[in-house]
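In what follows, a single structure is set out as structure tokens and then discussed.
All chains are named by letter (A, B, ...) in the order of the sequence lines, taking the proteins before the strands, and each is independently numbered beginning at 1. Note that the structure is a prediction, hence the values are computed from the model and not measured.
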Amino acid sequence: MNIRNFLDNQVSQALQAAGAKPGTSAIVKQSSRPEFGHYQANGVIGAAKQLKTNPREFAAKVIDNLDLSGIAETVEIAGPGFINIHLSQTWLSSLASEALNSESLNIDKTDKPDTVVIDYSSPNLAKEMHVGHLRSTIIGDAIARILEFTGHTVIRQNHVGDWGTQFGMLLTHMQDIEQDDQSLTMQLADLEQFYQAAKQRFDSDADFAQTARDNVVRLQSGDPEYLKLWQQFIDISLQHCEDIYHHLNVLLTRNDVMPESAYNNDLSSVVEDLNTHGLLSEDQGAQCVFLDEFKGKDGKIIPMIVQKSDGGYLYATTDLAALRYRHKTLDMTRGLYVIDARQSLHMKQVFAVGKHAGFVPQSTQLEHIAFGTMMGDDGTPFKTRSGGTVKLADLLDEARQRAFDLVTLKNPDLDEQNRRDIANSVGIGAVKYADLSKNRTSDYIFNWDTMLSFEGNTAPYLQYAYARIQSIFRKAGNLSQNHAIELNEAAEIQLTLKLLQFSEAIDSAAKDSAPNLLCNYLYELAGQFMHFYESCPILSATDAIKNSRLQLANLTANTIRTGLDLLGIAVLDRM
RNA sequence: GCGCUUGUAGCUCAACCGGAUAGAGCAUCGGCCUUCUAAGCCGAGGGUUGCAGGUUCGAGUCCUGCCAAGCGUGCCA
């Protein structure tokens, strides 16, 4: 049940019954201030303007056509012609009971399910995952979970980079130390160092460099020995990724991996298809697509190059092949690409060329879910103190360690294993939430102290609210189900209303692929709960009130758990 | 040159197809632990929403022009 949508429908119908043009929307929103009720309709004024009538008089006519008996306590005209709706407390409490008795918290599934292909994480397997992969991985994972929850068919695609010239260098280095199996396993345990070692040989040893280049050709021509070596390297690198995904509580598995190399055999036909559609033109030896829509004020068109003058293909070609595959084989109706904002021109080109070439129908909804760069305190891209890239594994270790220190400080009596477990959820949750709670389009400043202060709008705040509720339940003993919810105190009403708005938060997060909207909601919910917790004692209240408040606490816990789960963040019974 | 993105409190960020008095957290200051976990709660101060115009009942939000920053822009991904 999405209350906003429900009221919007009701008021919109009344609006049209009162004489507004068909299709006029009531624009119902949550009220901006408590004295304006629970919801306000903003569309009446504009509709009255269109009809050239007095907004307040028109609003009265709309109310005459609006029947919210049993739902609204009062419906009133305010200001220049707003309609303020105060919901009935009995309606709110009955909705809360319904949510409590529903598996899905009474959240509606979409009536227009899409097959959404979501491309996220997509690291390059030549190196170890670093902080540059963090945002795509956790934002994409949250969006995938949210869309799945709202009833869409979600197909995850981890478009890993497993092909390219660096592999010649890596495999050659690997081959040289393969004789000693033990040593190889050890060296591959740190892929970053392995890459650096191979790179150093490549740069300083001309013979090695030549062998590496020859080996790229051997690999690409399908030499079985080299393919075997390559497969071995890829397996190990993927295992590194899976370890990270596991620690991060990200749902990607090996089944979701659809590597670049999988499209190798499609690339030439992509170029042929473009030619068939008359999109291809040769320029300075390269095969290009020039589209008018990429023409600037200066009259120049930025082309998309799909084949180099030496005959090699580019990532644009691979992306087009992937697009075609996602339509033909996966039946995608909506495609989301959770990729760095710097690729926005590239994504626009892929989408435009893909549609012109008929790789996907015009109706397919293709979206670049862009996000900003992760910055350090100084406003430059996030690096280690010595200027190197930060390995994701190290970053997560630090988060867990810092959280462990804090848990130990706050709760020294818990045994160590317990504190480790709590620290894992708190540390990882804090890292993810800090990112997810921000509007993804702007650059993101990563700061340990802000993130792991564990105060204010952070994952631990939400986890703490949940842990407090669990503590109450432990003390309350058996929880009687299905007890009536009585709303008397302002804090109870506000909490209930907020609980019932979970559906609205999920819908807006799904619509805009914006997990931060869900974060905002959960933070406000936890805040409402904290307020309720302080002002409405539960266990010491009389039975009727105690049971009622326990129901509210229970629904709050279910909502926080579900909401955090959609973000890929765990809850804790104690912390 | 052209294009994309961003500019809101000292700092990090919100503000839901334009809505009523622009909200939080951190930091600062002041209160609250014999009462369900103080990782909490209550309160105070802090703003010309980069600048200038425009559109209208109403603009942080839309349009135009400037300013500033970042990124991208034919054979890396």
Side-chain angles (χ1 to χ4, degrees), chain A residues 4 25 27 29-33 35-36 40 42-43 45-46 48-49 55 78-82 122 124 161 164-165 260 283-288 290 294-310 312 314-316 318-319 340-346 348 370 372-373 375 379-380 406-407 409-411 426 434 437-439 441-445 447 449-451 453-458 460-461 463-465 467-476 504-505 507-508 511-512 514 516-517 519-520 523-524 527 530-531 533-535 537-540 549 553 574-575:
Chain A
R4 195 201 70 82
S25 168
I27 314 181
K29 293 183 177 182
Q30 294 173 20
S31 290
S32 54
R33 306 169 62 78
E35 59 267 35
F36 299 152
Q40 61 183 61
N42 294 338
I45 306 171
K49 283 273 171 195
F82 298 106
S122 305
N124 185 336
T165 49
E260 285 179 353
D283 196 79
Q284 297 168 43
Q287 300 299 322
C288 308
F290 288 85
F294 295 104
K295 186 188 283 183
K297 270 192 218 164
D298 56 0
K300 286 183 192 157
I301 296 177
I302 301 172
M304 181 163 85
I305 303 179
V306 294
Q307 190 171 19
K308 298 192 282 183
S309 48
D310 67 2
L314 299 107
Y315 78 135
T318 311
D319 279 343
D340 194 300
R342 285 173 292 194
Q343 309 247 2
S344 83
L345 173 62
H346 169 70
K348 276 184 194 159
T373 310
M375 302 295 212
T380 63
L406 187 77
V407 176
L409 191 74
K410 297 274 183 193
N411 229 332
V426 168
S437 63
K438 287 169 183 67
N439 185 323
T441 52
S442 43
D443 287 344
Y444 161 53
I445 297 186
N447 180 298
D449 295 329
T450 309
M451 178 181 316
S453 69
F454 303 117
E455 283 171 9
N457 187 6
T458 60
Y461 179 82
Q463 291 168 320
Y464 182 63
R468 277 182 143 181
I469 296 171
Q470 299 313 310
S471 175
I472 292 171
F473 288 152
R474 280 193 296 274
K475 295 209 159 115
E504 296 169 36
D507 286 349
S508 49
K511 177 172 145 287
D512 295 341
N516 66 307
L517 299 177
C519 293
N520 287 350
Y523 178 62
E524 285 167 10
M530 292 293 192
H531 181 63
Y533 181 92
E534 299 284 339
S535 59
I538 298 174
L539 297 179
S540 61
R549 289 179 178 168
R574 286 170 218 270
M575 67 186 282

> Going through the distances and angles, do Met575(A) and Val407(A) end up as a side-chain contact (heavy atoms from CB on, under 4.5 Å)?
Replying inline: CA-CA 7 Å; Met575(A) 67 186 282; Val407(A) 176; over 6 Å; no
> Checking side-chain contact (heavy atoms from CB on, under 4.5 Å) for the pair Leu517(A)/Lys511(A): CA distance, chi angles, key distance, verdict?
Replying inline: CA-CA 10 Å; Leu517(A) 299 177; Lys511(A) 177 172 145 287; over 6 Å; no
>> Walk me through whether Ile445(A) and Met375(A) qualify under side-chain contact (heavy atoms from CB on, under 4.5 Å).
In response: CA-CA 5 Å; Ile445(A) 297 186; Met375(A) 302 295 212; 4.2 Å; yes
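Here the P atom of nucleotide rG40(B) and the CZ atom of Arg468(A) are 9 Å apart, to the nearest Å. The separation between Phe290(A) atom CZ and rC2(B) atom P is 20 Å, rounded to whole Å. Taking atom CZ of residue Phe36(A) and atom P of nucleotide rU21(B), one finds them 8 Å apart after rounding to whole Å. rC17(B) atom P lies 8 Å from atom NZ of Lys511(A), rounded to whole Å. Regarding Asp340(A), its CG atom lies at a distance of 16 Å from the P atom of rA77(B), rounded to whole Å.
Here rC71(B) is the nucleotide among rC71(B), rC75(B), rG3(B) with the atom lying nearest to any side-chain atom of Arg342(A). Comparing atom distances between the Ala286(A) side chain and each of rC75(B), rU73(B), rA27(B) picks out rC75(B) as nearest. In this structure, the nucleotide among rA39(B), rA38(B), rU73(B) sitting nearest to the side chain of Tyr533(A) is rA38(B). Between rA14(B), rA20(B), rA77(B), one nucleotide has an atom nearer to the side chain of Gln343(A) than all others, and that is rA77(B). Nearest nucleotide to the Ile302(A) side chain, out of rU73(B), rG19(B), rA14(B): rU73(B). The side chain of Leu517(A) approaches rA15(B) more closely than any other nucleotide in the set rA20(B), rA15(B), rU37(B). Closest contact between the side chain of Glu260(A) and the listed nucleotides rA77(B), rC16(B), rC41(B) involves rA77(B). Side-chain proximity of His531(A) to the nucleotides rA39(B), rG23(B), rC42(B) is greatest for rC42(B). Proximity note for Ser471(A) (side chain, C-beta onward) versus rC57(B), rA77(B), rC36(B): the nearest is rC36(B).
Across rA15(B) and rG1(B), the matching P atoms stand 33 Å from one another, rounded to whole Å. Only the P atoms considered, rG3(B) is 28 Å distant from rC13(B), to the nearest whole Å. With both ends at atom C1', the span from rC66(B) to rG19(B) equals 29 Å, rounded to whole Å.
Counting non-hydrogen atoms under 4.0 angstrom, Met304(A) reaches nothing in the nucleic acid. Base contact: Gln284(A) has a heavy atom under 4.0 Å from a base atom. No engagement by Glu504(A) is indicated, since no non-hydrogen atom pair under 4.0 Å with the nucleic acid exists. Counting non-hydrogen atoms under 4.0 angstrom, Ser540(A) reaches nothing in the nucleic acid. Within the nucleic acid shown, Ala78(A) comes within 4.0 Å of at least one base atom, counting heavy atoms only. At the heavy-atom level, Asp283(A) lies under 4.0 Å from base atoms of the strands shown. Within the 4.0 angstrom heavy-atom criterion, base atoms lie near Gln40(A).
The shortest heavy-atom contact between Lys475(A) and Leu539(A) is CB-CD1, 3.7 Å. Shortest non-hydrogen contact noted between Asp310(A) and Gly312(A) is OD1-N, 2.8 Å. In plain terms, the two heavy atoms of Gly43(A) and Ile27(A) that are nearest each other are N-CB, 3.9 Å.
For the pair Lys297(A) and rC2(B), the criterion of a side-chain N or O lying under 4.0 Å from OP1 or OP2 is not met. Taking side-chain N and O atoms only, His346(A) has no distance below 4.0 Å to OP1 or OP2 of rA77(B). Taking only side-chain nitrogens and oxygens, Ser32(A) never comes nearer than 4.0 Å to OP1 or OP2 of rG19(B). Between rG19(B) and Lys29(A), a contact under 4.0 Å exists linking OP1 or OP2 to a side-chain N or O. Under 4.0 angstrom from either OP1 or OP2 of rG3(B) there lies no side-chain N or O belonging to Lys295(A). Phosphate proximity of rA39(B) to Lys410(A): present, with a side-chain N or O under 4.0 Å from OP1 or OP2.
Each of Ile302(A), Val306(A), Ile301(A), Ile305(A) was scored for a side-chain contact (heavy atoms from CB on, under 4.5 Å) with Cys288(A), with one residue passing: Ile305(A).
Classified by its glycosidic torsion, rC33(B) falls in the syn category, the angle being within 90° of 0. For rG53(B), the base is anti relative to its sugar; the glycosidic angle deviates from 0 by more than 90°.
The base of rA77(B) lies close enough to the side chain of Tyr315(A) for a donor and an acceptor atom to sit less than 3.5 Å apart. Side-chain atoms of Ser25(A) and base atoms of rC17(B) include a donor and an acceptor less than 3.5 Å apart. Side-chain atoms of Ser309(A) come within donor-acceptor range of the base of rC75(B), with a qualifying N/O pair under 3.5 Å.
You can call Phe82(A) stacked on the base of rA20(B); the centres are under 5.5 Å apart and the planes sit within 30°. Under the stacking criterion of a centre-to-centre distance below 5.5 angstrom and an interplanar angle below 30°, Tyr523(A) is not stacked against the six-membered ring of rA24(B).
Panel note: side chain Gln40(A), backbone Ser32(A); a donor-acceptor pair is recorded below 3.5 Å. With Arg4(A) contributing its side chain and Gln30(A) its backbone, the two residues share no donor-acceptor pair below 3.5 Å.
Heavy-atom nearest nucleotides on RNA chain B were determined for Asp310(A) and for Arg474(A), and the one closer to the 5' end corresponds to Arg474(A). Taking for each of Ser31(A) and Gly79(A) the nucleotide of RNA chain B with the nearest heavy atom, the 5'-most of the two is the partner of Ser31(A).
Remark: rU73(B) base-pairs with rG1(B). Criterion, Watson-Crick or G-U wobble with two distances under 3.5 Å. Of the nucleotides present, none pairs with rG18(B) by Watson-Crick or G-U wobble criteria with both distances under 3.5 Å. If you check rC41(B) for Watson-Crick or wobble pairing at under 3.5 angstrom, you find it paired to rG31(B). Pair assignment for rU56(B) gives none, since no Watson-Crick or G-U wobble pairing has each distance under 3.5 Å. rG10(B) and rC26(B) make up a base pair, with Watson-Crick or G-U wobble contacts both under 3.5 Å. As the counterpart of rC66(B), rG50(B) is assigned, both hydrogen-bonding distances of the Watson-Crick or G-U wobble pattern falling under 3.5 Å.
Met304(A) is not listed as a side-chain neighbour of Phe294(A), based on a closest heavy-atom distance of 4.5 Å or more. At a threshold of 4.5 Å between non-hydrogen side-chain atoms, the residues His346(A) and Asp319(A) count as touching.
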Protein-nucleic acid N or O pairs under 3.5 Å, nucleotides 9-12 of chain B:
none

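Using the six-membered ring where Trp is involved, Tyr461(A) and Tyr523(A) have ring planes that are tilted, between 30° and 60° apart.
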